[in-house]
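Written below as structure tokens is the structure these notes are about.
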There are 2 protein chains.
Amino acid sequence: MGRWEPNARGRLVEAALELYSSRGYDQTTVAEIAKRAGLSERTFFRHFTDKREVLFGGASEFQEQLVRALDNAPVALPAIDVVAVALEAIAGGFSERHEFARRRQTIIAENAELSERERIKLASLASALADALRRRKVSEPAATLAAEMGIAVFRVAFERWIRETNQPDLPHILRGSFEELKTVTAGK
Amino acid sequence: MGRWEPNARGRLVEAALELYSSRGYDQTTVAEIAKRAGLSERTFFRHFTDKREVLFGGASEFQEQLVRALDNAPVALPAIDVVAVALEAIAGGFSERHEFARRRQTIIAENAELSERERIKLASLASALADALRRRKVSEPAATLAAEMGIAVFRVAFERWIRETNQPDLPHILRGSFEELKTVTAGK
DNA sequence: GTAACTGATGTCAGTTGCTGCCATCAGTAT
DNA sequence: ATACTGATGGCAGCAACTGACATCAGTTAC
């Protein structure tokens, strides 16, 4: 394998995914991942800030998409519905990646460190949402709460979507979960 | 300092708190903390699983208290109100520790790794709450959502409480934040 | 009262995640 | 050709963490 094979980053992700799921996250060293991808350990750390991040590369794009979707939502809607609309709009893109998402989620669920990283990504998502809401003149703490609610609902819906073998629509599950949210907080 | 000075754990916490806030989390080594507490680095890792955990020792007690409070809440209440009641009951105990909480929170807010750990503690809290709700025959996803909402509200309220110099009542802030939540999710 | 036991600690060596520094190599512009 | 740029390798080193074993103080058994 030559020094300049294309898509170094993608190869690292794939190698990590394979090793993490076969022998476990803890039992995999960065050196092994790099070797499998035909690169050096040093290069791994040029592409990813740490050993976990290799599984969370897509998070920032997702966040940007989400914020864009929120910015484009109808002006008249109440905060919580704006969040719902934005999430449902983005969720459509997940349908093709059901298998990948499942593989990745299995690895994350098995390891505490990875779960931590996942949580912080979702937290960052929530705070980006809250920012975007404030830009729409939603006041505090409504903005934070609406954003936080939205992410919680997303987690619940995503988990359900992952569990389902027959791949139902993520946007559809989302819509149902938002309905649930309203029922719950109404105190029923 | 003799080998068997009392309260090794407490000394480690105090030493860590001082060092983290004076020179920063990253710039503090575990060896330094241990030395300041009159102990060896190895002993630090016998008391805490990692360098962050020294700031989160109280989390498990808090969780137990919270679950107990929830188990003791009136039977007839809807899920979200059960969570609110339990949180408000526990929050009373915070009033004396306002200064400590503030010190700790400042350190945590300044460091990404520590924020991650904080998030995962809150997540664990949420899942313990959800378990307790299910024990009360609250079904899914209502249990998860109510728990998650409760923790989100708690975060918002706690943050506000930390910011206030004149030490208002945390339970009081909590109650107001729960009201906000209901308004927000109602779509106002 | 001494010996065995227990639990907290120290010491030391070793692994691994991660960083800084500098050399090297491929492609591109000059 | 030459210089420049960007991705990579190689190496040295720090700090987080672990395992194995010795040590010491307090307690219990005899």
Side-chain angles (χ1 to χ4, degrees), chain A residues 1-57 107-108 110-118 120-121, chain B residues 1-57 107-108 110-118 120-121:
Chain A
M1 190 174 309
R3 196 174 183 174
W4 261 254
E5 289 295 317
N7 194 22
R9 194 185 170 92
R11 271 150 48 213
L12 285 169
V13 171
E14 183 55 30
L17 219 50
E18 288 165 2
L19 289 174
Y20 288 172
S21 51
S22 65
R23 79 180 69 167
Y25 174 81
D26 282 333
Q27 275 59 54
T28 302
T29 102
V30 174
E32 287 166 346
I33 300 172
K35 186 175 180 186
R36 180 165 199 139
L39 293 166
S40 75
E41 183 183 2
R42 191 67 187 85
T43 296
F44 177 96
F45 286 107
R46 284 211 185 82
H47 285 278
F48 305 101
T49 60
D50 62 51
K51 191 184 166 186
R52 304 174 233 174
E53 198 63 15
V54 65
L55 292 182
F56 298 93
I107 298 172
I108 292 176
E110 279 170 354
N111 184 273
E113 283 182 52
L114 293 174
S115 303
E116 286 195 38
R117 180 56 55 91
E118 166 122 307
I120 202 82
K121 291 292 178 184
Chain B
M1 194 175 308
R3 194 172 184 177
W4 261 252
E5 289 296 314
N7 194 22
R9 194 185 169 92
R11 270 152 48 214
L12 286 169
V13 172
E14 184 54 30
L17 219 48
E18 289 164 3
L19 289 174
Y20 288 173
S21 51
S22 66
R23 79 180 70 169
Y25 174 82
D26 282 333
Q27 275 58 52
T28 303
T29 118
V30 173
E32 288 166 345
I33 300 173
K35 185 175 180 185
R36 182 168 195 132
L39 293 166
S40 76
E41 185 184 2
R42 192 67 185 84
T43 296
F44 177 96
F45 286 109
R46 286 207 184 83
H47 285 277
F48 305 101
T49 59
D50 61 52
K51 190 184 168 187
R52 300 176 239 173
E53 197 63 15
V54 65
L55 293 182
F56 298 93
I107 298 173
I108 292 176
E110 278 170 355
N111 183 274
E113 284 182 52
L114 292 174
S115 303
E116 286 195 37
R117 180 56 56 90
E118 166 124 305
I120 201 87
K121 290 292 176 183

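Below, chains carry the letters A, B, ... as their sequence lines are ordered, and counting in each starts from 1. As a basis for the values below, the full set of heavy atoms in this structure was taken, side chains included, without hydrogen atoms, waters or symmetry mates.
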*Using side-chain hydrogen bond (donor to acceptor under 3.5 Å, both in side chains) as the criterion, list what pairs up with A:Asp26, not counting sequence neighbours.*
none
*For every nucleotide of nucleotides 15-20 of chain D, 5' to 3': is a protein heavy atom under 4.0 Å from its base (B), only from its sugar-phosphate (S), or from neither (-)?*
-SBBBB
*Check the distance between C:dC18's C1' and A:Glu53's CD and give it to me in whole angstrom.*
14 Å
_For A:Phe48, ring pair (Phe, Tyr, Trp, His ring centres under 6.0 Å) partners two or more places apart_ = A:Phe44
*asked:* For D:dA7 and A:His47 - does any side-chain N or O of the residue sit under 4.0 Å from the phosphate oxygens OP1/OP2?
replied: no
_For B:Val54, is there any backbone N or O sitting under 3.5 Å from a side-chain donor or acceptor partner on B:Arg9?_
no
_Output the rounded distance in Å from NZ (A:Lys35) to C1' (D:dG9)._
15 Å
*Examine D:dG9: is either OP1 or OP2 under 4.0 Å from a nitrogen or oxygen in the side chain of A:Ser40? Give yes or no.*
yes
*Kindly state each residue pair satisfying side chain to side chain donor-acceptor pair (under 3.5 Å) with at least one member in residues 38-54 of chain B, sequence neighbours excluded.*
A:Glu116-B:Arg52, B:Ser40-B:Thr43, B:Asp50-B:Arg117, B:Glu53-B:Arg117, B:Glu53-B:Lys121
_For A:Glu110, give me all partners under side-chain hydrogen bond (donor to acceptor under 3.5 Å, both in side chains), at least two apart in sequence or on another chain._
none
*Sorted by first residue and then second, give each ring pair (Phe, Tyr, Trp, His ring centres under 6.0 Å) pair with at least one member in residues 23-43 of chain A; sequence neighbours left out.*
A:Tyr20-A:Tyr25
*In whole angstrom, what separates A:Asn7's CG from D:dT8's P?*
10 Å
